[in-house]
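Here's the structure we're looking at; comments come further down.
Here is how names work: the chains are called A, B, and so on, in the same order as the sequence lines, proteins then strands, and each is numbered from 1. All heavy atoms count here, side chains included; hydrogens, waters and symmetry mates do not.
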There are 2 protein chains.
Amino acid sequence: MDSEELNIGLLLRFPYRALEDRIFAALARAGFDITPAQARLFRRVAPEGSRVTDLAERARVTKQTASVLVQGLVDAGYAERFPDPKDARASLVRASALGLQAAAVVDAEIARVEAEWSRAIGPTRYARLRRDLGELVRHLQG
Amino acid sequence: MDSEELNIGLLLRFPYRALEDRIFAALARAGFDITPAQARLFRRVAPEGSRVTDLAERARVTKQTASVLVQGLVDAGYAERFPDPKDARASLVRASALGLQAAAVVDAEIARVEAEWSRAIGPTRYARLRRDLGELVRHLQG
DNA sequence: TAAACTAGTCAGAAAGACTGACTAATTATG
DNA sequence: CATAATTAGTCAGTCTTTCTGACTAGTTTA
């Protein structure tokens, strides 16, 4: 199979999926049960706490959806809510100790996957791939 | 923002999402109304016809899910079914004329996006990125 | 202070995916 | 060759994720 023949969508998607599968497998192995949608929101939770509305905006879902997902994270013990001292309408969400443990598992697995990929195609080429992707992302962001 | 700081997941996901958004926008502009899930299955339909079970396997969904999605594609006029001459249990699915038109819109938009990306980071670097991604994908496939 | 805005939730609906149970046709086996 | 096992596909029911619309309750602004 010639990579020139593969469309760029597949070239990007395939490694992404592989990484995602590895991350969720690692989480499951460590006993963390978290859905992809919850994870996507959780990634955007700031250490000092985030508002549901901010999370919704950053994850590009409606406030209602974010509200449901945050509730799920709280119910599962990965996040906790506390009132926003500056605005009585709002509450803030932050990672719980359990949530931080889960995040550590994710980071460790990403590092492991990156090490494997670097070994697979060579550290020079892998670093170059990262740089080139970074350059593309920068251009896409404006 | 330093690209070295971004995790590889984001580096892959961001361009992928951008491409996908462009494709669905182009389809919508051209008057094609197709859902992402339907599109994912449709991409795997062989010119000579595919079985629902094969599509399910390749798209990694259950036969039931594939069955529903194929029905949607047929109802929307993008695909058509005909009996498998070799197996009376099975029927084959292939793209209709309308489906082929939609596929052409997708191909054109992908080409346009690739041309833009190539211009954005330079053709040499873009070609290199493609090659490096291809190399990574080859390794991931075994 | 009243009007306008913002934070967040509730209710209801749809899409997409799942499991389980089923029918009908085909292949394998004793 | 008859019956058991397998395979193709659908139906029914459920769960998750997401949406829109309507609402409550604080906050800001005019």
Inter-residue atom distance A:R40.CZ - B:R13.CZ, 0.5 Å rounding
6.0 Å
Integer-rounded Å distance: C:dT6 C1' and A:L55 CG:
16 Å
Check the distance between D:dC23's P and A:K63's NZ and give it to me in whole angstrom.
15 Å
Check the distance between D:dG9's C1' and B:L69's CG and give it to me in whole angstrom.
14 Å
Just by distance, with hydrogens left out, do A:Y78 and A:Q38 show a side-chain donor and acceptor under 3.5 Å apart?
no
Going by heavy atoms in the side chains, are A:L12 and A:L133 under 4.5 Å from each other?
yes
Any N or O donor-acceptor pair linking the side chain of B:Q71 to the base of D:dG9 at under 3.5 Å?
no
Please evaluate residues A:L55 and A:V45 with respect to the criterion side-chain contact (heavy atoms from CB on, under 4.5 Å), reporting the C-alpha separation (whole Å), side-chain torsions for both, the decisive distance (0.1 Å), and the verdict.
CA-CA 7 Å; A:L55 293 175; A:V45 171; 4.0 Å; yes
Strand-adjacent residues in residues 19-50 of chain B, judged by heavy atoms under 4.0 Å from DNA chain D:
none
For A:D75 and D:dT16, what is the distance between atoms CG and C1' respectively, to the nearest whole Å?
14 Å
Among D:dC19, C:dC18, C:dG8, the nucleotide that comes nearest once only the side chain of A:R51 is considered:
C:dG8
Among D:dG9, D:dT17, C:dC10, which nucleotide sits nearest the side chain of B:S91?
D:dG9
Under 4.0 angstrom, heavy atoms only, what part of the nucleic acid is A:T62 near: base, sugar-phosphate, or nothing?
base
Protein heavy-atom contacts under 4.0 Å, written 5' to 3' over nucleotides 25-30 of chain D as B (base), S (sugar-phosphate only) or - (none), form the string -BS---
Gap separating the CG atom of B:L11 from the CZ atom of A:R130, nearest 0.5 angstrom:
5.5 Å
Given side chains that start at C-beta, do those of B:E109 and B:R29 come closer than 4.5 Å, heavy atoms only?
yes
Can you find a side chain N or O atom of B:T65 that sits less than 4.0 Å from OP1 or OP2 on C:dC18?
yes
Taking C-beta and beyond as the side chain, do B:R58 and B:D54 meet within less than 4.5 Å on heavy atoms?
yes
Spacing of B:L136 atom CG and B:R131 atom CZ [to the nearest 0.5 Å]:
14.5 Å
So if I take every side-chain heavy atom of B:Q64 and compare against C:dA17, D:dT10, C:dG8, which nucleotide ends up nearest?
D:dT10
Does A:R81 place a side-chain N or O at less than 4.0 Å from the phosphate oxygens OP1/OP2 of C:dT9?
yes
Out of curiosity, A:I8 CD1 to B:I110 CD1, how far, rounded to the nearest 0.5 Å?
10.0 Å
Nearest whole Å is fine: how far is C:dC18 C1' from B:R60 CZ?
17 Å
